[in-house]
Asks: 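Below are the structure tokens for one structure; questions will follow.
Model, not experiment: these values are computed from the prediction.
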Amino acid sequence: MSEAKRIDGKAFAEGLRARVAAKVAKLKAEHGVTPGLAVVLVGEDPASQVYVRNKGKQTVETGMNSFEFKMPADATEDALLAKIDALNHDPAVHGILVQLPLPKHMDEAKVINAIHPDKDVDGFHVINSGRLMTGQEAMIPCTPFGCLMLIKDTLGDDLSGKRAIVVGRSNIVGKPMAQLLLDANCTVTIAHSRTRDLADECRRADILVAAVGRPHMVKGDWIKPGACVIDVGINRIDAPDLGEGKTRLVGDVDFASAQAVAGSITPVPGGVGPMTIAVLLANTVTACCRALGIAEPAA
Ligand code: GUN
């Protein structure tokens, strides 16, 4: 078996951002509107600060308005809810994202569900989960939506009848990913920590999406020859081979053994990771067009 095709999420995300920028330019020229994305960061988690900075930078690079709000780690939940309420009513803001995780004293579900569902560009609001589940027009969570784009770009748009397995059942990735694959007429299995004979389940799948947060869990001999493997994991592990105290990012899939069996596979980094913000920008354009009742421009 020859080596798997590497699915280049970085390049796909660049293309997607260019299409978003083209749509933004048309919205400005034809409708005089600039899509706006508001990001709220509570506290000083270093990883979250990096995410938020990158989101702001890429929002501006695609021609959209970026609004950033920082609140201290000890801000009250009421203060955050008041901020969200103001953004819900601000016509210049078409998308709202509250960076997760939130400080422990806040109720994450309550905060997310305070965002107006039509501005919920993360697609985490219970209304959007329900809309996705029932086939209604929804905001779709960015990471699984990005995975679906990579799968279709690799295998073609018609996924009918393919066996798919999603390893992981989070609300943010696993469950919406399974729903998107089901909507694409795949036969879908959702596997998790209690799944019996997980390797056997995985070996049946034409499409395998790993989203469990466990470094190198999926081995090459778990993979059906020729399968499309999407690795959502971003795990930082010690890398003494790089020097003392050094670390590296690895996925949930053991890339070295998997690439010898899979037909196509996303690397970590450079696979799914770069897709998330690009899809967030695309979702913001979608939210803007829906808010104004105009058709989304072709890119
Ligand atoms: N924290 C890490 N990833 C995400 C994301 O996609 N959305 C939000 N809101 N918070 C995150």
Asks: For T76 and D78, run side-chain hydrogen bond (donor to acceptor under 3.5 Å, both in side chains): C-alpha distance rounded to whole Å, both residues' side-chain angles, the deciding distance at 0.1 Å, then the answer.
Replies: CA-CA 5 Å; T76 63; D78 281 348; 5.6 Å; no

Asks: What distance separates D120 CG from N283 CG, expressed to the nearest 0.5 Å?
Replies: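 Going from CG on D120 over to CG on N283, the span is 9.0 Å.
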
Asks: Following the transitive rule for hydrophobic clusters with a side-chain heavy-atom cut-off under 4.5 Å over Ile, Leu, Val, Met, Phe, Trp and Tyr, establish whether V212 and I265 coincide in one cluster.
Replies: yes

Asks: Restricting to non-hydrogen atoms, name the atom on V121 and the atom on A287 that form the minimum distance, rounded to 0.1 Å.
Replies: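 For V121 and A287, the tightest heavy-atom pair comes out as CG1-CB, 4.1 Å.
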
Asks: For a 4.5 angstrom cut-off between non-hydrogen side-chain atoms, does V40 reach L87?
Replies: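 When only atoms from C-beta onward are counted, L87 and V40 do touch, with a gap below 4.5 Å.
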
Asks: Can you find a pair of side-chain heavy atoms, one from P269 and one from P274, that are under 4.5 Å apart?
Replies: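 No, side chains not in contact.
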
Asks: I would like to know whether I84 and V111 meet side-chain contact (heavy atoms from CB on, under 4.5 Å); could you show each step before the answer?
Replies: CA-CA 8 Å; I84 292 170; V111 168; 3.6 Å; yes

Asks: Looking at C147, P141, S170, which one forms a side chain to side chain contact (heavy atoms under 4.5 Å, CB included) with M177?
Replies: C147

Asks: Would you sort out whether M217 and L198 count as a side-chain contact (heavy atoms from CB on, under 4.5 Å), showing the intermediate values?
Replies: CA-CA 11 Å; M217 190 180 85; L198 178 56; 3.8 Å; yes

Asks: Using side-chain heavy atoms (C-beta onward) and a distance below 4.5 Å, is L27 in contact with I294?
Replies: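 Answer yes - side chains close enough.
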
Asks: Among I151, D183, N185, which residue satisfies the side chain to side chain contact (heavy atoms under 4.5 Å, CB included) criterion with L159?
Replies: I151

Asks: Can you name the nearest heavy-atom pair linking A164 to A205, along with the distance?
Replies: C-CB, 4.3 Å

Asks: Does CD belonging to Q136 count more than 12 external heavy atoms closer than 6.0 Å?
Replies: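 Result for CD/Q136: enclosed.
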
Asks: Knowing that exactly one of N65, L280, V285 qualifies, which makes a side chain to side chain contact (heavy atoms under 4.5 Å, CB included) with L37?
Replies: L280

Asks: Are more than 12 heavy atoms, taken from residues, nucleotides or ligands other than R131, located less than 6.0 Å from that residue's CZ atom?
Replies: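 Yes, because the 6.0 Å sphere around CZ of R131 holds more than 12 heavy atoms from other groups.
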
Asks: Do the side chains of L100 and I234 join up, straight or via other hydrophobic residues, at under 4.5 Å, putting them in one cluster?
Replies: no

Asks: Closest heavy-atom contact between K175 and R169?
Replies: CE-O, 3.3 Å

Asks: Atom NZ of K55 and atom OG of S48: how far apart are they, to the nearest 0.5 Å?
Replies: 7.5 Å

Asks: For H89, look at atom NE2 and say whether over 12 heavy atoms of other residues, nucleotides or ligands are found less than 6.0 Å away.
Replies: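 Incorrect, the count does not exceed 12.
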
Asks: Rounded to the nearest 0.5 Å, how far apart are SG of C228 and CD1 of I207?
Replies: 6.0 Å

Asks: Would a 4.5 Å heavy-atom cut-off, applied to side chains only, mark R290 and E137 as touching?
Replies: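 Of all side-chain heavy-atom pairs linking E137 with R290, at least one is under 4.5 Å.
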
Asks: Taking all non-hydrogen atoms of both residues, which atom of F69 and which atom of A38 are closest, and how far apart?
Replies: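 Smallest interatomic distance, heavy atoms only, reads CE1-CB, 4.2 Å.
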
Asks: Would V218 end up clustered with I230 when hydrophobic side chains under 4.5 Å apart are linked, directly or stepwise?
Replies: no

Asks: Would you say Y51 has more than 12 foreign heavy atoms packed within less than 6.0 Å of its OH?
Replies: no

Asks: So, does N113 use its side chain to make a donor-acceptor pair with the main chain of V126 at under 3.5 Å?
Replies: yes

Asks: So for atom CZ, which belongs to R236, do other residues, nucleotides or ligands contribute more than 12 heavy atoms lying within a distance under 6.0 Å?
Replies: yes

Asks: L181 vs L148, test: side-chain contact (heavy atoms from CB on, under 4.5 Å). Steps then yes/no.
Replies: CA-CA 8 Å; L181 290 164; L148 183 70; 4.3 Å; yes

Asks: Any sub-3.5 Å donor-acceptor pair from K246's side-chain atoms to D241's backbone N or O?
Replies: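 Judged by distance alone, no pair lies under 3.5 Å.
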
Asks: One thing to verify: whether E77 and K110 come together as a salt bridge, which I'm taking to mean a side-chain N less than 4.0 angstrom from a carboxylate O.
Replies: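 Here K110 pairs with E77 in a salt bridge, since their nearest N and O are under 4.0 Å apart.
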
Asks: For the side chain of D206 and the backbone of A227, is there at least one donor-acceptor N/O pair under 3.5 Å apart?
Replies: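 No: the side chain of D206 does not pair with the backbone of A227.
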
Asks: Are N171 and S129 packed together at the side-chain level, in the sense that at least one heavy-atom pair is separated by less than 4.5 angstrom?
Replies: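 Sidechains of S129 and N171: no contact.
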
Asks: Using the six-membered ring of F12, assess whether NZ or CZ of R19 lies under 6.0 Å from its centre and within 45 degrees of the ring axis.
Replies: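 Yes, R19 lies over the aromatic ring of F12.
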
Asks: Identify the two heavy atoms, one from P117 and one from M139, that lie closest to each other, and give their separation to 0.1 Å.
Replies: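 Nearest heavy atoms, P117 then M139: O-CG, 3.9 Å.
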
Asks: Is it true that, when you exclude K5 itself, more than 12 heavy atoms of the residues, nucleotides or ligands shown sit nearer than 6.0 Å to its NZ?
Replies: yes

Asks: Hey, are the side chains of I277 and T59 touching, using non-hydrogen atoms and a 4.5 Å cut-off?
Replies: no

Asks: For the pair R203 (side chain) and D221 (backbone), establish whether a donor and an acceptor sit closer than 3.5 Å, ignoring hydrogens and angles.
Replies: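 Yes, the answer is positive, given that a donor and an acceptor are paired below the 3.5 Å cut-off.
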
Asks: Can you tell me how far CG of D118 sits from NE2 of H125, rounded to the nearest 0.5 angstrom?
Replies: 9.5 Å

Asks: Does one hydrophobic cluster hold both I165 and V232, with members joined at side-chain heavy-atom distances below 4.5 Å?
Replies: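 No, I165 does not connect to V232 through the hydrophobic network.
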
Asks: A side-chain contact here means heavy atoms from C-beta on lying under 4.5 Å apart; do V20 and M64 qualify?
Replies: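 Yes. Closest side-chain heavy atoms under 4.5 Å.
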
Asks: Please evaluate residues V52 and E68 with respect to the criterion side-chain contact (heavy atoms from CB on, under 4.5 Å), reporting the C-alpha separation (whole Å), side-chain torsions for both, the decisive distance (0.1 Å), and the verdict.
Replies: CA-CA 8 Å; V52 167; E68 250 176 62; 3.8 Å; yes

Asks: For residues K119 and D90, report the shortest heavy-atom separation together with the two atoms involved.
Replies: NZ-O, 2.9 Å

Asks: Could you grab the distance from atom CD1 of I140 to atom OG1 of T286, nearest 0.5 Å is fine?
Replies: 9.0 Å

Asks: Hey, could you give me the CD/CG distance between Q179 and L182, rounded to the nearest 0.5 Å?
Replies: 5.0 Å

Asks: Would you say NZ of K57 has more than 12 non-hydrogen atoms from neighbouring residues, nucleotides or ligands within 6.0 angstrom?
Replies: no

Asks: Hey, does N235 have a side-chain heavy atom less than 4.5 Å from the side chain of V250?
Replies: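 Heavy-atom side-chain distance check passes, below 4.5 Å.
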
Asks: Taking the side chain from D252 and the backbone from R214, do they hold a donor-acceptor pair closer than 3.5 Å?
Replies: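 It does hold such a pair.
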
Asks: Indicate, with yes or no, if V253 and L249 share a hydrophobic cluster defined by side-chain heavy-atom contacts under 4.5 Å among Ile, Leu, Val, Met, Phe, Trp and Tyr.
Replies: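 Cluster IDs for L249 and V253 differ.
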
